[in-house]
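Working notes, beginning with the structure itself.
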Amino acid sequence: FRPSFLGHVVVEVLIDATLLQRDPTLGLQYYRAIESVSGAWVQGVVNRVARVPTDQLEHWISKFCELRFLYDYLDDDKLLHRLGQVMQRVSLPPLDGHHCQQSLRGWLPQARRTVAQRCDLLLERPK
């Protein structure tokens with residue numbers, strides 16, 4: 001489970017990084033769009049349809065906008081930190097071992113190039 005989950009997440013964030021590199025204004029547009037919708041309203045809608053209500057979603061939407069972590073995907077060290085947070089959030093083993101960190105640091109530049117080269121294909125709608 002861990003390799004496939006982590007691979008999926010890494011490809012997604014490297015696509016985001018590629019898109020931000022191509023057009024730096026996309027991040028600003030993205031956050032403006034999210035900020036244009038009330039977090040309280042989103043939480044209310046979720047609570048109408050979810051089995052288990054939440055009182056935290058409004059806070060997390062606000063925090064999401066405040067942190068603007070999409071920009072962290074452009075830097076390998078910051079990206080590794082964010083991936084570690086994802087692993088913790090889904091109760092998977094941390095990526096904090098020295099060997100693991102070094103392996104990922106060595107692999108990320110090539111992964112970035114590969115995703116950037118294939119970004120349009122990855123985003124293409126199936127026919």
Side-chain angles (χ1 to χ4, degrees):
F1 176 73
R2 179 181 178 181
S4 62
F5 173 78
L6 186 57
H8 174 88
V9 170
V10 169
V11 169
E12 283 191 14
V13 300
L14 292 179
I15 288 171
D16 289 344
T18 298
L19 296 174
L20 283 171
Q21 284 178 323
R22 287 180 181 176
D23 182 355
T25 67
L26 287 176
L28 183 57
Q29 292 173 44
Y30 176 78
Y31 285 110
R32 280 186 182 154
I34 292 173
E35 290 167 339
S36 73
V37 178
S38 161
W41 179 82
V42 172
Q43 181 172 299
V45 170
V46 168
N47 283 335
R48 282 193 291 270
V49 298
R51 288 186 197 160
V52 178
T54 178
D55 63 354
Q56 296 296 308
L57 190 55
E58 179 180 8
H59 165 76
W60 284 111
I61 291 170
S62 173
K63 197 72 167 164
F64 178 84
C65 291
E66 176 189 328
L67 293 175
R68 298 189 183 267
F69 63 82
L70 281 179
Y71 299 108
D72 290 352
Y73 299 167
L74 298 168
D75 176 87
D76 288 350
D77 289 331
K78 291 177 182 178
L79 172 57
L80 288 173
H81 174 74
R82 294 297 180 191
L83 290 174
Q85 290 177 319
V86 169
M87 299 297 280
Q88 181 179 5
R89 207 166 27 253
V90 297
S91 301
L92 288 172
L95 302 172
D96 58 2
H98 178 73
H99 177 71
C100 182
Q101 290 282 321
Q102 289 304 104
S103 293
L104 287 170
R105 273 193 185 87
W107 172 80
L108 270 173
Q110 178 57 44
R112 283 184 187 282
R113 286 189 296 275
T114 301
V115 170
Q117 290 167 354
R118 295 183 172 104
C119 186
D120 294 328
L121 182 61
L122 290 166
L123 294 173
E124 199 174 274
R125 288 185 180 187
K127 296 178 181 176

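One-based numbering along the sequence shown.
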Closest heavy-atom contact between A17 and R112? CB-NH1, 3.7 Å
Selection residues 80-92 - residue pairs positive for salt bridge (Lys or Arg N to Asp or Glu O under 4.0 Å), sequence neighbours left out: D72-R82
Within a strict 4.5 Å, meaning less than it, do heavy atoms of the L80 and L108 side chains meet? yes
Just do the side chain to side chain contact (heavy atoms under 4.5 Å, CB included) check on L20 and Y73 with the steps written out, would you? CA-CA 9 Å; L20 283 171; Y73 299 167; 5.5 Å; no
Using side chain to side chain contact (heavy atoms under 4.5 Å, CB included) as the criterion, list what pairs up with Q56, not counting sequence neighbours. T54, H59, W60
Spacing of M87 atom CE and F5 atom CZ [to the nearest 0.5 Å]: 7.0 Å
Point-to-point distance, once rounded to the nearest 0.5 Å, from CD of E66 to NZ of K63: 4.0 Å
Residues at least two apart in sequence or cross-chain that pass side-chain hydrogen bond (donor to acceptor under 3.5 Å, both in side chains) with T114, listed by chain then number, are Q110
Those residues that, when tested against A111, pass side chain to side chain contact (heavy atoms under 4.5 Å, CB included) (two or more places apart): L14, W107
Which residue pairs pass the side-chain hydrogen bond (donor to acceptor under 3.5 Å, both in side chains) test with at least one member in residues 23-47, sequence neighbours excluded? D23-T25, T25-Q29, E35-R68
Does Q21, at its CD atom, have more than 12 non-hydrogen atoms belonging to other residues, nucleotides or ligands within less than 6.0 Å? yes
Just verifying a value: how many Å separate L74 CG and T18 OG1, rounded to the nearest 0.5 Å? 9.0 Å
Let me check something: any side-chain donor-acceptor pairs from residues 115-124 under 3.5 Å, sequence neighbours excluded? List them with distances.
from, atom 1, to, atom 2, distance (Å)
D120, OD1, R22, NH1, 2.8

